[in-house]
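Residue numbers run from 1 in the order of the sequence given.
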Amino acid sequence: TESRLAIKGARTAYDALTDDQKALVTQAQLKVLTDAEAKYAQLAEAGTNLADGDYYLINVSTGKYLNAGNSYQTQASIKSYGQLMTFAANESDNTSYTIDTHYLKDNKHYLGANGYLDAAETPIKIEKCASGNFSIANADDKFLTAPTDGESTVVTFAAEKSEASEWLILTRDQLIKKLTKDIAEGNPADVTSLILNPNFDRYNQYSDQWSGGIKIEGAAGNYCAEVYGKVFDSMQTLENVPNGVYELSVQGFYRKEQD
């Protein structure tokens, strides 16, 4: 990412020169730029080594997951648990992907350049950083960036790349290995991300993973699942979860029927 931006800046600066100014640039100096462009093109053709598939995104700076929330309940946000999203590479550009967030609203369910998770299908550039983490940028070269003020949870596309613009992109198996390592080091781990749609979000396409006859209802921002007038079970099967002791909590409310 850093190299691409530097090369792009140098090319923009050179192209902005007048003919007289360009005449002052030696062939050796210009070759440095064209060689860098050719080398980057080779690296871009090799891609980011991300196969098509399902991934979680974890912000390196905050340790939080990319998920939906805030405005319209579909704005890119950081949360303590993640949403499994589907990546598909662009056949003509190995650094360009679409990210299906599985938040469906008005027939749209992709990460968009506007920073919402219910956008139309949008090409998103994903590149490896020098640190080995990933940057995620829109067509305007603005970087998906988490808030660092400790108060806001809104994720935005920022003009400047920073540490808060770096992300881990992990498969489910890779996430389990990371969480297992945290536990082995004596730290309890929040594994809520392994539950699909744990918040009973009505826009979440993973709602179909819940069984037991519950209805996922409520206005935006008022997540709930309900059953009226009967005993019920709410179930979801989690496969290939490590053996261990887990604590499960749920926020529930019961309204007594009127006499």
Side-chain angles (χ1 to χ4, degrees), residues 1 44 47-60 64-128 133-146 153-157 165-176 178 192-210 216 220 223 236-240:
T1 303
T48 60
N49 298 321
L50 277 178
D52 290 1
D54 297 330
Y55 296 92
Y56 295 95
L57 286 86
I58 304 175
N59 183 258
V60 175
K64 302 289 187 181
Y65 296 81
L66 180 66
N67 212 322
N70 289 289
S71 181
Y72 300 104
Q73 298 305 311
T74 56
Q75 190 172 21
S77 306
I78 50 171
K79 288 186 176 181
S80 60
Y81 60 90
Q83 171 83 346
L84 195 59
M85 302 181 186
T86 302
F87 288 49
N90 187 323
E91 292 183 0
S92 61
D93 181 354
N94 286 334
T95 64
S96 179
Y97 291 77
T98 57
I99 302 178
D100 186 344
T101 66
H102 300 286
Y103 279 102
L104 176 64
K105 191 175 179 184
D106 298 328
N107 294 318
K108 296 179 289 186
H109 47 91
Y110 289 89
L111 173 62
N114 59 355
Y116 281 79
L117 273 57
D118 61 336
E121 189 171 356
T122 305
I124 297 292
K125 185 172 287 291
I126 301 176
E127 297 175 293
K128 266 195 174 178
N133 302 318
F134 292 90
S135 67
I136 300 169
N138 62 20
D140 296 326
D141 269 335
K142 292 184 177 181
F143 296 91
L144 193 68
T145 303
T153 60
V154 176
V155 176
T156 59
F157 279 102
S165 309
E166 295 194 12
W167 299 81
L168 295 175
I169 301 178
L170 304 178
T171 64
R172 185 179 186 273
D173 287 345
Q174 289 171 332
L175 177 62
I176 289 175
K178 179 180 184 302
T192 305
S193 299
L194 302 181
I195 302 174
L196 298 175
N197 193 17
N199 211 28
F200 298 117
D201 188 326
R202 65 176 180 160
Y203 298 126
N204 197 320
Q205 290 182 294
Y206 290 125
S207 295
D208 61 4
Q209 297 301 304
W210 288 102
I216 294 180
Y223 309 107
Q236 184 176 144
T237 301
L238 304 182
E239 298 181 348
N240 301 318

Could you list the residues that satisfy salt bridge (charged side-chain N to carboxylate O under 4.0 Å, His left out) with K79, not counting sequence neighbours?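 None.
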
Under the ring pair (Phe, Tyr, Trp, His ring centres under 6.0 Å) test, residues paired with F87 that sit two or more places apart: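 Applying ring pair (Phe, Tyr, Trp, His ring centres under 6.0 Å) to F87 gives Y55.
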
Please confirm whether the backbone N or O of [Y] pairs with a side-chain atom of [X], one donor and one acceptor, at under 3.5 Å?
{"X": "N114", "Y": "Y116", "result": "yes"}
{"X": "Y56", "Y": "S193", "result": "yes"}
{"X": "W167", "Y": "L144", "result": "yes"}

The criterion is side chain to side chain donor-acceptor pair (under 3.5 Å); which residues satisfy it with [X], sequence neighbours excluded?
{"X": "N67", "value": "Y103"}
{"X": "S80", "value": "none"}
{"X": "N133", "value": "S131, E166"}
{"X": "T74", "value": "D118"}

Taking side-chain contact (heavy atoms from CB on, under 4.5 Å) as the criterion, tell me which of I169, T101, L111 meets it with M85.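 By the side-chain contact (heavy atoms from CB on, under 4.5 Å) criterion, M85 pairs with just one of I169, T101, L111: T101.
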
List the residues meeting side chain to side chain contact (heavy atoms under 4.5 Å, CB included) with [X], not counting sequence neighbours, and say none if there are none.
{"X": "Q236", "value": "I195, L196, Q209, W210, L238"}
{"X": "T156", "value": "V154"}
{"X": "D140", "value": "N138, K142"}
{"X": "Q205", "value": "D100, H102, L104, H109"}

Any side-chain heavy-atom pair from T153 and K64 closer than 4.5 angstrom?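 A side-chain contact under 4.5 Å is absent here.
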
Side-chain heavy atoms of K105 within contact of Y72, under 4.5 Å: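 In short, these two side chains touch, coming nearer than 4.5 Å.
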
Give, for atom CG of N204 and atom CG of N199, the distance between the pair rounded to the nearest 0.5 Å.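 Here the rounded value is 9.0 Å.
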
Give, for atom CG of L57 and atom OH of Y65, the distance between the pair rounded to the nearest 0.5 Å.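 Nearest 0.5 Å value for the CG-OH distance: 11.0 Å.
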
